[in-house]
Amino acid sequence: MAVQRINPEACERSPYYSQASLVPAGASMLYIGGQNAIDATGAWIGLGDEAAQTSQAMKNVLACLEAVGARAADLVSLTITTVDGVDLALCQRAASGYLDLKSLPVINVSIVEQLARKGALVEISAVAAVIDASDAAWLGRGEAEDPAWF
């Protein structure tokens, strides 16, 4: 069974996030620590640019997902923390380009005075539910005859 995205009629409908997510029994949970706009070499990307920093932080989140065979559709929740004064609309547009619009996670946003890393405007942490690859065919992620699934 896949992660169930819950958007009750009594709650606001958003094109950017789900109101709740129900993770099926047996899924492995992946917890991704706060990602900043730092690439694999340790270099900052987009100093002073919240959209560029959001984009790099999301790339880092996706890299963590890919490391365990997961993808954006497996995200259950994102926590986006920004420094006060950051344009949240720019961050939202930058982050949405990395999400699976058919499987939107729950999103929490916090605004703080500063982040732990000097120069960071945005930090993104995430939780994903990773479904066993043997379930992939019936979840529509693979073909039954694909030998990788057996």
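Applying the side chain to side chain donor-acceptor pair (under 3.5 Å) test to pairs two or more places apart or on separate chains, none has a residue in residues 79-96. Applying the side chain to side chain donor-acceptor pair (under 3.5 Å) definition to pairs two or more places apart or across chains, those involving residues 46-59 are S55-Y98, Q56-N60.
With sequence neighbours left out, S110 forms a side chain to side chain donor-acceptor pair (under 3.5 Å) with no residue at all. Here L99 pairs with M58, L75, L78, L104, P105, I107 under the side-chain contact (heavy atoms from CB on, under 4.5 Å) rule; sequence neighbours left out. Qualifying salt bridge (charged side-chain N to carboxylate O under 4.0 Å, His left out) partners for E9, counting only residues two or more places apart in sequence or in other chains: R13. Qualifying side chain to side chain donor-acceptor pair (under 3.5 Å) partners for E113, counting only residues two or more places apart in sequence or in other chains: none. Remark: P8 engages I6, C11, Q19 in a side-chain contact (heavy atoms from CB on, under 4.5 Å) (not counting sequence neighbours).
Under a 4.5 Å side-chain heavy-atom cut-off, the cluster of Ile, Leu, Val, Met, Phe, Trp and Tyr residues that includes L90 has no other member.
Hydrophobic clustering, with ILVMFWY side chains joined whenever heavy atoms are under 4.5 angstrom apart, groups V61 together with V68. Hydrophobic clustering of Ile, Leu, Val, Met, Phe, Trp and Tyr side chains at less than 4.5 Å, counting indirect connections, unites I80 with L101.
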Give the table of side-chain donor-acceptor pairs shorter than 3.5 Å for residues 33-48, with sequence neighbours excluded, one pair per line with atom names and distance.
| residue | atom | partner | partner atom | Å |
| --- | --- | --- | --- | --- |
| Q35 | NE2 | G33 | O | 3.0 |
| N36 | ND2 | V122 | O | 3.3 |
| N36 | ND2 | E123 | OE1 | 3.4 |
| D39 | OD1 | T41 | N | 2.9 |
| D39 | OD1 | T41 | OG1 | 2.6 |
| D39 | OD1 | G42 | N | 3.2 |
| D39 | OD1 | A43 | N | 3.0 |
| T41 | OG1 | A43 | N | 3.4 |

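Taking each heavy atom of A129 and V76 in turn, the nearest pair found is N-CG2, 3.6 Å. Scanning all heavy atoms of the two residues, the minimum distance from S18 to N7 falls at CA-OD1, 3.4 Å.
Contact check for D74 versus V3: no side-chain heavy atoms found under the 4.5 Å cut-off. Contact check for V127 versus V106: no side-chain heavy atoms found under the 4.5 Å cut-off.
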